[in-house]
Amino acid sequence: MRCRDAAHVLERYALLLELAGESPFKARAYSAAADALAALDRSLDDALDSGALSQIRGIGEGIVATLDELRRTGTIAHLAELEGQVPPGVVRLTELRGVGAKKARQLWLDCGITSIEQLEQACREHRIAACKGFSAKSEAALLDAIAFWRSTRGQLQRHKAWRLYDELRATLLDGGARDIVAAGQLRRGCETIDLLTLVAITESNTVALPEDFAPAGTRRYSSITRDVPIEILLATPDEAGTALFVATGDDEFLAAATGGSALPPLPDEADVFAHLHLPDIPAELREGTAIVERARRGEIPRLIAREDMRGMIHVHTTWSDGKNTLDEMVLAARELGFEYIVICDHSQSAAYAGGLTIDRVHQQRAEIDALASRVSGIAILHGIESDILADGSLDYPDDVLAEFDVVVASVHSHFALPRAEQTARILRALANPFTTILGHPTGRLLLRRDGYDVDIEAIIAEAARTGTVIEFNVNPYRLDLDWRYHRRACSEGVRFAIDPDAHSTDGIRELFDGISVARRGELTPTDVVNTMSLEQFRAFVAAQRERKQNLQVSA
DNA sequence: GCCGTTTTCGGCCCGACTGTTTTCAGTCG
């Protein structure tokens with residue numbers, strides 16, 4: 001068992017402890033331990049036997065004993081007991097927005113609710129308002145939350161879809177497949193996945209499938225029993241190219257590309273494009289009919305690719321709310337071949353995230369300088385993710401801001417401002433001479449909450465006027481700014497930074513997956529500042545500051 | 001359950017927001 005898997009178990013244990021009415025502090029201790037554990041990229045056996053776990057703050061004797069039980073028996077007896085005690089539907093109640101462990105427990109014990117369906121029924125019949133602590137208003141809020149929950153069911157963020165893919169891949173390879181390839185929405189770079197499509201390449205045209213898969217056509221199998229519907233297509237190696245092509249594009253694209261004729265079995269996708277007399281169309285663009293026409297006219301741009309990325313920008317460490325240390329994050333970026341990394345921990349107003357006071361900013365700089373002198377092969381820049389305060393100002397005085405190599409300015413509070421006020425606030429931050437990059441411009445969390453209400457056109461225009469970079473934050477919950485705005489912004493002269501907003505070394509690796517989504521937006525290497533060399537990037541930031549200062553003077 | 005002592009108990013990230021209450025509790029980031 002990997003530490004990451006053990007972390008998931010502890011997280012669930014923490015939730016059940018709270019639902020069962022045990023000390024919320026105990027639950028929090030388990031939850032914090034889960035966080036710490038998730039950052040360890042090693043096996044649980046190794047972490048326990050080396051004594052590394054007991055060294056970690058927040059993991060003491062009790063939790064080490066629990067983890068030892070988990071690795072010996074594959075489970076935690078007390079957790080199993082709680083699973084028997086708390087109905088599974090009550091655990092699911094916490095998936096609703098605005099329902100935490102306390103409210104779920106209250107709904108269960110005071111109102112007798114043990115599933116989301118029962119809760120919905122009870123709200124409609126106004127039986128919840130009769131319970132202590134609830135009113136007609138809370139019934140309406142709960143119904144809203146249930147509607148939102150329902151609208152996001154059967155969909156996954158990309159990292160969760162990849163996790164499911166990894167599980168299936170291992171099973172299918174064990175079951176005799178020669179190779180497994182992700183196709184469909186995942187390969188096209190869709191930001192959320194409502195159908196997971198895999199091609200299983202097998203010599204014999206058969207593979208041992210998990211029990212929940214049933215036939216759904218010629219050599220096609222599907223399952224609807226997991227978090228998202230899944231389909232698996234079987235193909236022999238000599239027809240793998242055709243199978244992958246068919247499993248990747250959407251229906252409109254396939255009809256336009258093939259003209260409705262059946263494709264011969266071909267081993268490689270390149271053979272399929274040659275057969276169709278079409279240039280290679282990147283998987284991320286294979287939707288709709290227009291792209292086929294563009295391809296025929298030779299209008300497919302050279303899209304950004306992972307090899308183009310030279311700078312890793314916007315990374316958190318244990319100095320604020322990151323799970324891995326500065327050293328670990330730097331070494332992980334170097335291992336992936338990055339030439340420079342820009343550390344951007346939270347600023348002082350982000351107290352919940354351990355934001356840096358001015359003193360700690362200076363301490364962190366000293367540590368970065370010390371590390372830079374020890375580590376070769378990667379440059380370390382000192383940036384900050386500065387909160388944009390309610391009035392649009394940044395979170396430090398100018399003399400402190402001026403010391404950073406890069407300032408990512410982001411909204412983390414006051415999400416509910418009216419549109420005009422929210423927009424004005426962000427425009428003010430864009431005009432700030434020290435704002436290098438506008439972080440996650442809408443604050444959306446995919447399948448969790450919408451972004452704050454802002455005028456994106458106005459933000460793009462002001463970014464263009466001031467020369468401020470807009471972030472494409474590729475944290476799999478964010479993927480913000482939405483790729484649908486990318487071309488328009490670029491046509492106005494805006495540049496993007498493709499940033500992982502990584503809070504762990506795993507998050508750093510997710511950067512590459514996010515590039516798939518950037519390709520949907522047709523970002524090219526010249527649109528993206530991370531493709532610059534270190535010297536180019538430093539010169540870019542210096543020129544940007546000068547330009548912005550001049551704009552301020554003339555204003 | 002963890003931590004750090006004022007060293008074996010008492011407090012535990014903090015501010016905004018919302019909704020139910022008249023002074024606070026729960027949720028969220």
Side-chain angles (χ1 to χ4, degrees), chain A residues 10-11 13-37 53-69 76 78-79 82 93-107 110 123 128-145 148 316 318-322 345-357 360 385 387-391 395 410-418 422 439-440 442-446 448-452 473 475 477-478 480 501 503:
Chain A
L10 290 198
E11 202 56 70
Y13 189 29
L15 176 57
L16 276 146
L17 283 169
E18 237 188 319
L19 287 169
E22 298 210 22
S23 156
F25 295 110
K26 180 175 170 180
R28 189 188 297 172
Y30 272 99
S31 176
D35 265 1
L37 205 56
L53 280 186
S54 28
Q55 299 302 310
I56 295 172
R57 207 186 139 75
I59 298 186
E61 260 178 72
I63 290 179
V64 166
T66 305
L67 287 169
D68 190 53
E69 182 193 352
I76 300 168
H78 188 217
L79 170 59
L82 296 178
L93 290 179
T94 63
E95 292 173 17
L96 298 174
R97 201 167 44 187
V99 180
K102 297 241 168 59
K103 273 198 187 153
R105 182 174 163 78
Q106 202 179 348
L107 286 165
D110 294 353
C123 284
I128 297 299
C131 301
K132 190 166 173 284
F134 293 95
S135 67
K137 213 166 179 180
S138 14
E139 282 180 338
L142 284 168
L143 285 172
D144 266 1
F148 184 82
H316 295 269
T318 48
W319 278 85
S320 64
D321 61 350
D345 273 305
H346 285 284
S347 62
Q348 52 190 350
S349 286
Y352 68 90
L356 303 180
T357 58
R360 297 195 69 233
E385 181 177 21
D387 269 29
I388 297 175
L389 305 182
D391 67 355
D395 204 9
S410 311
V411 166
H412 289 116
S413 61
H414 300 96
F415 296 131
L417 292 183
Q422 192 71 274
H440 47 72
T442 74
R444 74 175 181 184
L445 292 179
L446 291 164
R448 283 194 185 174
R449 67 154 197 242
D450 294 330
Y452 25 84
N473 185 310
N475 179 304
Y477 286 101
R478 297 187 181 276
D480 180 18
D501 194 0
H503 286 72

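Please read all numbers here as calculations on a predicted model, not as lab measurements. So you know, we letter chains A, B, ... as the sequences are listed, proteins then strands, and number each from 1.
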**OP:** Using the P atoms only, state how far dC12(B) lies from dA25(B), rounded to an integer number of Å.
**Re:** 15 Å
Original post:
How close or far is atom P of dG1(B) from atom CG of L17(A), stated in whole angstroms?
Top reply: 9 Å
Subject >> Nearest-Å distance once atom C1' is located in both dT6(B) and dG15(B) >> reply: 29 Å
Original post:
Contact class for A350(A) (heavy atom, under 4.0 Å): base, sugar-phosphate, or nothing?
Top reply: nothing
Subject >> Residue closer to the 5' end of DNA chain B, S413(A) versus R97(A) (nearest nucleotide) >> reply: S413(A)
Original post:
What distance, rounded to whole Å, do you find between the two P atoms, one in dC14(B) and one in dC9(B)?
Top reply: 26 Å
Original post:
Say you pick atom P in dC13(B) and the same atom in dT18(B); how far apart are they, in whole Å?
Top reply: 24 Å
Original post:
What integer number of Å spans the P atoms of dG26(B) and dT21(B)?
Top reply: 12 Å
Original post:
K103(A) has an atom NZ; how far is it from atom C1' of dC24(B), in whole Å?
Top reply: 13 Å
**OP:** Could you tell me whether K132(A) and D110(A) make a salt bridge, using a distance below 4.0 angstrom between a side-chain N and a carboxylate O?
**Re:** no
Original post:
Going by atom types alone, do S347(A) and D395(A) pair a side-chain donor with an acceptor below 3.5 Å?
Top reply: yes
Original post:
At under 4.0 Å, does any side-chain N or O of R449(A) touch on OP1 or OP2 of dG29(B)?
Top reply: yes
Subject >> Complement of dT8(B), any strand, by Watson-Crick or G-U distances under 3.5 angstrom >> reply: none
**OP:** Figure out the CG/P separation between L96(A) and dG26(B), and round it to whole Å.
**Re:** 18 Å
Subject >> Whole-Å gap separating C1' (dG1(B)) and CG (L37(A)) >> reply: 15 Å
Original post:
Does F25(A) lie flat on the base of dC12(B), that is, centres under 5.5 Å apart and planes under 30° off?
Top reply: yes
**OP:** Pick the P atom in dT23(B) and in dC17(B), then give their distance to the nearest Å.
**Re:** 23 Å
Original post:
Nearest-Å distance, NZ (K137(A)) to P (dG19(B))?
Top reply: 5 Å
Subject >> Pairwise 5' ranking along DNA chain B for A104(A) and F134(A), keeping only the more 5' one >> reply: F134(A)
**OP:** With P as the reference atom in both, quote the distance from dC28(B) to dG10(B) in angstrom, rounded to an integer.
**Re:** 31 Å
Original post:
Does R57(A) have a side-chain nitrogen or oxygen under 4.0 Å from the phosphate oxygens OP1 or OP2 of dG4(B)?
Top reply: yes
**OP:** Using a 4.5 Å cut-off on heavy atoms from C-beta on, say whether the side chain of L67(A) contacts that of L10(A).
**Re:** yes
**OP:** Rounded off to whole Å, could you give me the CG-to-P distance for the D321(A) and dC28(B) pair?
**Re:** 18 Å
Subject >> Euclidean distance, atom CD of residue E18(A) to atom C1' of dC28(B) [Å, nearest integer] >> reply: 14 Å
Subject >> For atom CG of L445(A) and atom P of dT27(B), their distance in whole Å >> reply: 18 Å
Original post:
Does R28(A) make a side-chain N or O approach to OP1 or OP2 of dC13(B) shorter than 4.0 Å?
Top reply: yes
Original post:
With respect to the side chain of S138(A), which nucleotide from dG29(B), dT27(B), dG19(B) is positioned closest?
Top reply: dG19(B)
Original post:
Between the main-chain N or O of A101(A) and the side-chain N or O of T94(A), is there a donor-acceptor pair closer than 3.5 Å?
Top reply: no
Subject >> Side-chain donor-acceptor contact under 3.5 Å, S31(A) with E11(A) >> reply: yes
**OP:** Among the candidates dT27(B), dG19(B), dA16(B), find the nucleotide nearest to the side-chain atoms of H414(A).
**Re:** dA16(B)
Subject >> Distance between P atoms of dG1(B) and dT7(B) (Å, rounded) >> reply: 24 Å
Original post:
So do L107(A) and I128(A) actually touch side chain to side chain, heavy atoms under 4.5 Å?
Top reply: yes
